[in-house]
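First the structure, in the form of C-alpha cells, and then the observations on it.
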There are 2 protein chains.
Amino acid sequence: MKRLQMMEQNRAKLIAAARKAFADKGYAAASMDEFTAAAGLTRGALYHNFGDKRGLLAAVVDQIDSEMAARAQAIGAKANDDWLGLLAEGAAYIEMALDPEVQRIVLLDGPAVLGDPSQWPSQSSCLQATTRTVDRLISDGVFKPVDPEAAARLLNGAALNAALWIAASSNPQEVLPKAIGAFQSLATGFLKNPI
Amino acid sequence: MKRLQMMEQNRAKLIAAARKAFADKGYAAASMDEFTAAAGLTRGALYHNFGDKRGLLAAVVDQIDSEMAARAQAIGAKANDDWLGLLAEGAAYIEMALDPEVQRIVLLDGPAVLGDPSQWPSQSSCLQATTRTVDRLISDGVFKPVDPEAAARLLNGAALNAALWIAASSNPQEVLPKAIGAFQSLATGFLKNPI
DNA sequence: AAATATCATATACAGTGCGTATGTCAAATT
DNA sequence: AATTTGACATACGCACTGTATATGATATTT
C-alpha cells in the first residue's frame with residue numbers, strides 16, 4: 001500500500017479512537033496508551049501525526065465542528081428567509097449541542113484545553129456561518145445596526161448555554177421547547193421592527 | 001491557638017494559594033506540591049480538607065462565584081428599575097468576566113472539571129439573581145411570558161460568551177462597548193413593548 | 001493534672017501517564 | 001539493487017496524583 005494512503009488511514013483511525021475516548025471519559029481522563037491501542041497503534045504514531053495530546057484534541061474538535069457546520073448550513077439553506085433561517089439554525093445548534101459527544105468535547109474540554117473557540121484553527125465554522133447571516137440581515141435592514149460578530153457570538157453563546165442547561169436537566173425533552181422559545185424571543189431583540 | 005481556628009486559617013491559605021495557581025497556570029498544569037508549599041503546607045492538609053484536587057477547585061470556584069454575586073447584586077440594587085438593573089447587571093457580568101482569574105477558573109476550567117455550572121453546590125449565585133429579576137419583570141408585565149430560568153440562562157450565556165470574545169481579542173477596550181451594545185439589544189427581545 | 005484519645009498535618013510509597021530519545025523496518029528514491 | 005527516507009514502535013525518565021502510615025499538638029477524660 002502507498003505510504004501516504006497508509007498515513008492518512010492511520011490519522012483517521014487515531015482521530016476516530018480519540019474522539020470516542022474523549023467523549024466517553026473526557027480529555028484529561030482519556031489514556032493515550034489505551035485509545036491508541038484500540039486503534040491498533042501506539043503513541044509513536046500519535047506523536048508523529050499530532051505533536052501532542054492537545055494537537056489530537058484540536059484535530060478531533062475540527063472534525064466535529066465541520067460536521068456541525070455542514071448540518072447547520074443544510075438547515076439554514078432550507079429556509080428561504082434569512083430571519084427564519086437564523087431561528088432554525090439556532091434551534092438546530094441547541095439540538096446538536098445535546099449530543100454528549102459535542103458537549104463533552106467541543107463545549108467543555110475544547111475551550112478549557114484549546115482556549116476561546118473563535119481562536120481555533122477551524123475558526124469555529126458555526127460562528128462564521130452565523131456571522132454571515134447576521135451581516136445579510138443588517139444589510140437588508142431587518143436587523144438593527146449592531147456589530148455582526150458581537151451579535152453572532154451572543155446568539156451562539158446563548159444557544160450553547162441553553163444546550164448545557166438542557167443536557168444537565170433531569171428531563172431534557174420537557175426543557176427543550178422552553179429553551180428554543182426563549183432563544184427565539186431573545187433573537188427578536190435584534191429586529192428593527194419586532195413582530 | 002485553637003484547633004478550629006487553625007484549620008479554618010489553613011483552609012483559607014490553601015484556597016488562596018490554589019486560586020492564584022489555577023489562575024496563573026490553569027487547573028491541569030497547577031502542581032499541588034507547588035502551591036501547597038507556597039501556602040506553607042503540604043498535600044496532606046489539602047487532601048484532609050478538600051478530598052482531592054477537584055474538591056479544591058470547587059471551593060475556589062465557590063469563593064469567586066460568591067464575590068461575583070455580591071458585586072452584581074450591589075450593581076443591580078443601585079438601579080431602582082428592574083429592567084435597567086438587568087441591563088446593568090449584564091454589563092457588569094461581562095466586565096467581571098474580563099478578569100483573567102474569573103475567565104480561567106470559572107468560565108474555562110470550572111465547567112470542564114466540575115460540569116455544568118447550574119449543578120454546582122454554589123448553584124451559581126449569579127444565575128439565581130438573574131432568574132429572580134426576570135421573574136419580577138414577567139410578573140410586572142414588562143417581559144413576555146417566557147420561562148424565567150431559560151431567559152436567565154440565555155442572558156448569562158450570552159454575557160459569558162461576549163466576555164470570552166472580548167478577552168481573546170487583541171484590543172479589548174474597543175470591543176467591550178460593541179459587546180455591551182449587542183447584549184442590550186438582544187435583551188430587548190424579551191420586552192413585551194420594545195422601545 | 002496526668003494519661004489517653006483524637007485528629008490535623010506531614011511523610012513515604014505506589015501507580016499511572018505524558019513526552020522524548022532511540023531503534024526498526026517497509027516504502028520510496030536513485 | 002543499494003541507499004535513503006520516514007512512519008511508527010519501543011524504552012526510558014520525569015512528574016504528578018492519591019493513599020497508607022507516621023507524628024505531634026490539642027482536646028478529652030479520669
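Side-chain atoms are counted along with the backbone in the values below, which use heavy atoms only and exclude waters and symmetry mates. Keep in mind that this is a model prediction, so the values were computed, not measured.
Rounded to whole Å, atom C1' of D:dT21 lies 16 Å from atom OH of B:Tyr47. Rounded to whole Å, the distance from CG on B:Leu56 to C1' on D:dC16 is 15 Å. For A:Leu4 and C:dA28, the CG to P distance is 8 Å, given to the nearest whole Å. Atom C1' of nucleotide C:dA10 and atom CE of B:Met32 are separated by 14 Å, given to the nearest angstrom. As a whole-Å value, the separation of B:Leu46 CG from C:dA8 C1' is 13 Å. When rounded to the nearest whole Å, the span between CG of A:Asp33 and C1' of C:dT20 equals 14 Å. Straight-line distance from the CG atom of A:Asp52 to the C1' atom of C:dC18: 10 Å, rounded to whole Å. The CZ atom of B:Arg43 sits 14 Å away from the P atom of D:dA15 (whole-angstrom rounding).
Among the nucleotides C:dA12, C:dG17, D:dC8, the one closest to any side-chain atom of A:Ala45 is D:dC8.
Within 6.0 Å of atom NZ in B:Lys144, more than 12 heavy atoms from other residues, nucleotides or ligands are found, so the atom counts as buried in its surroundings. Heavy atoms of other residues, nucleotides or ligands lying less than 6.0 angstrom from CZ of B:Arg11 number more than 12.
Between A:Lys178 and B:Glu149, no side-chain nitrogen of the basic residue sits less than 4.0 Å from a carboxylate oxygen of the acidic one, so the salt-bridge criterion is not met.
When the side-chain nitrogen and oxygen atoms of B:His48 are compared with OP1 and OP2 of C:dA8, one or more of them lie within a distance under 4.0 Å. Phosphate contact (OP1/OP2 of C:dA8, side-chain N/O of B:Asn49, threshold under 4.0 Å): absent. In this model, the phosphate group of C:dA8 is not approached by any side-chain N or O of B:Asn10 to a distance below 4.0 Å at OP1 or OP2.
Partner B:Thr133 forms a side-chain contact (heavy atoms from CB on, under 4.5 Å) with one of B:Asp135, B:Thr131, B:Leu137 and no other, that one being B:Leu137.
Mapped onto DNA chain C by nearest heavy atom, A:Gly51 and A:Ser31 fall at different nucleotides, with A:Ser31 at the one closer to the 5' end.
Listed for the A:Asn49 side chain is a donor-acceptor partner under 3.5 Å among the backbone atoms of A:Ala45.
Across all strands shown, A:Thr42 has heavy atoms under 4.0 Å from base atoms, whether or not it also approaches the sugar-phosphate. Residue contacts shown for B:Ala30 are limited to sugar-phosphate atoms, with no base heavy atom under 4.0 Å away. Among the protein residues, A:Leu41 comes within range of the sugar-phosphate backbone only, with heavy atoms under 4.0 Å from sugar or phosphate atoms but none that close to a base.
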